[in-house]
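Within every chain, numbering begins at 1; the chains are lettered A, B, ... in the order of the sequence lines, protein sequences first and strands thereafter. FYI, side chains are in, hydrogens and waters are out, and symmetry mates aren't considered; it's all heavy atoms of this structure.
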Amino acid sequence: MTATTDLDVREGVDRETVEAVQSIGSYKYGWDTEIEMDYAPKGLNEDIVRLISAKNNEPEWMTEWRLEAYRRWLTMTEPKWAMLNYPEIDYQDQYYYARPKSMETKPKSLDEVDPKLLATYEKLGIPLNEQLILAGVETTEEGRADGRRVAVDAVFDSVSVGTTFKEELAKAGVIFCSISEAIREHPELVKKYLGSVVPQSDNYFATLNSAVFSDGSFVYIPKGVRCPMELSTYFRINAENTGQFERTLIIADKGSHVSYLEGCTAPKRDTHQLHAAVVEIVVLEDAEVKYSTVQNWYPGDEEGKGGIYNFVTKRADCREARAKVMWTQVETGSAITWKYPSCILRGEESQGEFYSIAIANNHQQADTGTKMIHLGRNTRSRIVSKGISAGRAQNTYRGLVTMHPRATNSRNYTQCDSLLIGDQCGAHTVPYIEVKNTSSRVEHEATTSKVDDDQLFYCRQRGMDEEEAVALVVNGFCREVLQALPMEFAMEAQALVAISLEGSVG
Amino acid sequence: MLKIDNLHVKLEEEDKQILKGLSLEVPAGQVHAIMGPNGSGKSTLSYVLSGRDGYEVTEGSATLDGESLLDMEPEERAAAGLFLAFQYPVEIPGVGNMTFLRTAVNAQRKARGEAELSSGDFLKVVRAKAAELQISPEMLKRPVNVGFSGGEKKRNEILQMAMLEPRMCIMDETDSGLDVDAMRLVSDGVNALRSPDRSFLVITHYQRLLNHIQPDVVHIMANGRIVKSGGPELALQVEQEGYGDLLAEVG
């Protein structure tokens, strides 16, 4: 790429932000789809767990695995160490399974999927038609030129509606399907890896997920294969009072490579909704996985009414030498965010990276960060976290870096920056660092700053209105992380940064 | 062009009167210089005209081509053609200089109901204007004013002025912190922008800037008012004698 086009593209991306601020109102995914649903009875017990397993036509071993998790969950208590304040969750007052009626017999192809569901994704800008590419991409000449395509697994409440490009991916040996399908079709892989990164007993929410997860995505990239396109899963919570518990399992075999995108939205509802997901990634020798999330669950209204409670366990295991994983997340949604995508750096010279933007506005609360567990020699990790608080929001970075005795000559670099907008919000940084050998090095830098009135006045004197000015300054603050995102997400993320902060000034 | 009449301004926070009945008129195409001792209210005048928070106008008016400036938001004043070259240009980390410029240019075009400049057209114009001010392409990519030297910051202000093509340019001590070469570059940049329908209000402590940018009128400001106006020779007099005699003369 020449310097000129590079600049043009970046210019284009930045301009998108500014346009997005002007053209889009507040949370734009807040509408719902009217569709007939099948619910499991409200509440949680062993029968519900069996019912979910039966709805997915699961083999006996899977049902047992779930029940084991459920029994374990009953003995556990909800963790309270996060800097989050929310009323007691009544786990019996939720639906644990909601499926569109039309999905009762799984459609054989996307052509058979209920048009209402297809229309829902179309409205969200998620193409389930293989001729189309992700919304936002066609606006750059870059995207058009190399015709980037993205395979999508669309999850609606408790079920996967469909997965695109399956055949083309299969030709490359890549398996990309819903996890319920993987349990039926590829039991040997699922048995070997499910729960191997996030064990059933890992934590309260992960254990709950192990018992009741209804769907999610499964990815297997065979040895030496570079996945021919980006893979993505789009999660949509539609039904009311329904929790979404998805489970994603990604396996990158030796020398393989994949970039995976995850998007999430939900309608505006007055009541809080529970989302407890688990993502497990296994990275073998010389393989590389890039996992990017734009989390845009409904954050609740200005008074803090409604919104998603998001309790997520995401972990990657760099199991063998030179394995590499990179988490990039843009967290703009949810009333409550409890999420620490982590890397276990087991293989020698394996690498973990975590890039994060967490925005909390109005009454949102975010407690998010990462864990870098260095077990192997010469392992490397890098953390870049940008937290932005506005309104009355509380934003906490919580991170753990640990160097085990055998992880000699390992390195970590952590940079945590917080930006405050207004004087009623809070930013907190809670880093835990443990070094148990003498040859490793850990660096931690942290800053806290405010959006400066002088910066805003400077922008406005040059002709930008106040919201445009805030968007520009905040995007500048997040730049390092935005640049780590794939092009498809970079634009959406920039726009989101602007939208999420709407009404935060003035 | 710019007409200020009996302007009284106080600081909002400390109830302190800064401007005490300032009147001034800058006709189209002219360059007016304002000189005055520290604390006479020169910077306050530039901030009040451009709409910065923290000041309260208690009396008087300021108009640009007959339109009252004081009722407008800062960005509306910018779109109306008012530009302030800052004494201390502000750093915006992570925002490319080029992105900033283009966002500003297009925001103003949009406010005036004009079409946005395409990426290609914008690049062509900005590169040509930057070259005249000896601003390298690399400096255009760097974040706004971050790590810029004093001279680079001021040249960057003039580049913004050249790109935005304002009708009324206020320069607040643009010469402060400049070496001789940088001063020449900045002055050449300003002189290139002089035209019959563009006016300048140049605030400075030193006469030497006025050797490069020839003013039509020089005003002496003291204690919140214009106390004396004259030709370029007035600036020379200040340079040689200081403000003491002059101020004594006007009481």
Side-chain angles (χ1 to χ4, degrees), chain A residues 2-19 21-23 139-142 357 384 386 417 419 447 449 451-483 494 497-498 505-506, chain B residues 46-47 49-54 73-86 88-96 98-112 116-120 122-123 126-127 137-138 140-141 143-146 157 160-161 163-164 166 170:
Chain A
T2 68
T4 317
T5 56
D6 179 39
L7 198 61
D8 283 349
V9 169
R10 272 197 276 137
E11 281 297 310
V13 170
D14 290 350
R15 192 155 53 96
E16 282 282 311
T17 314
V18 172
E19 282 168 2
V21 187
Q22 289 158 345
S23 62
T139 52
T140 63
E141 285 168 19
E142 185 86 341
I357 299 171
V384 178
K386 305 278 182 178
D417 298 321
L419 186 70
T447 65
S449 51
V451 169
D452 186 22
D453 287 343
D454 284 339
Q455 288 175 333
L456 296 185
F457 176 63
Y458 192 62
C459 293
R460 294 179 75 189
Q461 207 301 306
R462 298 306 185 242
M464 299 168 216
D465 65 32
E466 197 163 12
E467 289 195 337
E468 216 173 351
V470 171
L472 195 76
V473 171
V474 172
N475 268 305
F477 173 77
C478 301
R479 187 172 194 91
E480 279 167 282
V481 178
L482 290 171
Q483 281 177 337
Q494 291 216 355
V497 166
V505 289
Chain B
S46 69
Y47 286 143
L49 291 176
S50 53
R52 186 189 172 122
D53 283 342
E73 294 294 329
E75 59 270 25
E76 292 170 335
R77 304 181 198 204
L82 184 92
F83 180 92
L84 171 64
F86 283 60
Y88 304 108
V90 180
E91 298 184 2
I92 310 181
V95 176
M98 189 84 96
T99 302
F100 179 79
L101 263 175
R102 181 150 148 193
T103 308
V105 167
N106 282 330
Q108 292 203 14
R109 290 181 74 97
K110 204 168 166 191
R112 291 194 292 254
E116 293 191 0
L117 273 187
S118 77
S119 154
F122 175 80
L123 275 175
V126 81
R127 289 217 170 106
E138 183 263 338
L140 288 174
K141 284 192 213 169
V144 180
N145 292 323
V146 177
E157 292 291 289
Q160 293 178 24
M161 188 192 280
M163 287 304 297
L164 292 167
I170 302 168

**Item:** Contact class of B:R52 relative to chain A, heavy atoms under 4.5 angstrom
**Value:** both
**Prompt:** Hey, what's the ring geometry for B:F86 with A:Y458, parallel, tilted or perpendicular (30° and 60° as the breaks)?
**Reply:** perpendicular
**Message:** So A:D453 and B:D53, do their side chains get closer than 4.5 Å, heavy atoms only?
**Reply:** no
**Fill in**
Scanning both residues in full, the closest heavy-atom pair of A:G463 with B:A107 reads O-CB, 3.4 Å
**Prompt:** To the nearest 0.5 Å, what is the distance between CZ (A:R462) and CD (B:E75)?
**Reply:** 13.5 Å
**Prompt:** What is the minimum heavy-atom distance between B:V95 and A:L472, and which atoms define it?
**Reply:** CG2-O, 3.1 Å
**Request:** Please round to the nearest 0.5 Å and tell me the distance separating atom CD of A:E468 and atom NZ of B:K110.
**Result:** 7.5 Å
**Message:** Could you report the tightest heavy-atom contact between A:F457 and B:G51, atom names first, then the distance?
**Reply:** CE1-C, 3.7 Å
**Request:** Kindly say whether B:L84 contributes a backbone atom to a donor-acceptor pair with the side chain of A:Q461 at under 3.5 angstrom?
**Result:** yes
**Side chain, backbone, both or neither of B:I92 within contact of chain A (heavy atoms, under 4.5 Å)** = both
**Asked** At a heavy-atom separation under 4.5 Å, does A:C478 approach chain B through its side chain, its backbone, both, or neither?
**Response** neither
**Message:** Do the side chains of A:R460 and B:E76 get close enough for a salt bridge, i.e. N-O under 4.0 angstrom?
**Reply:** no
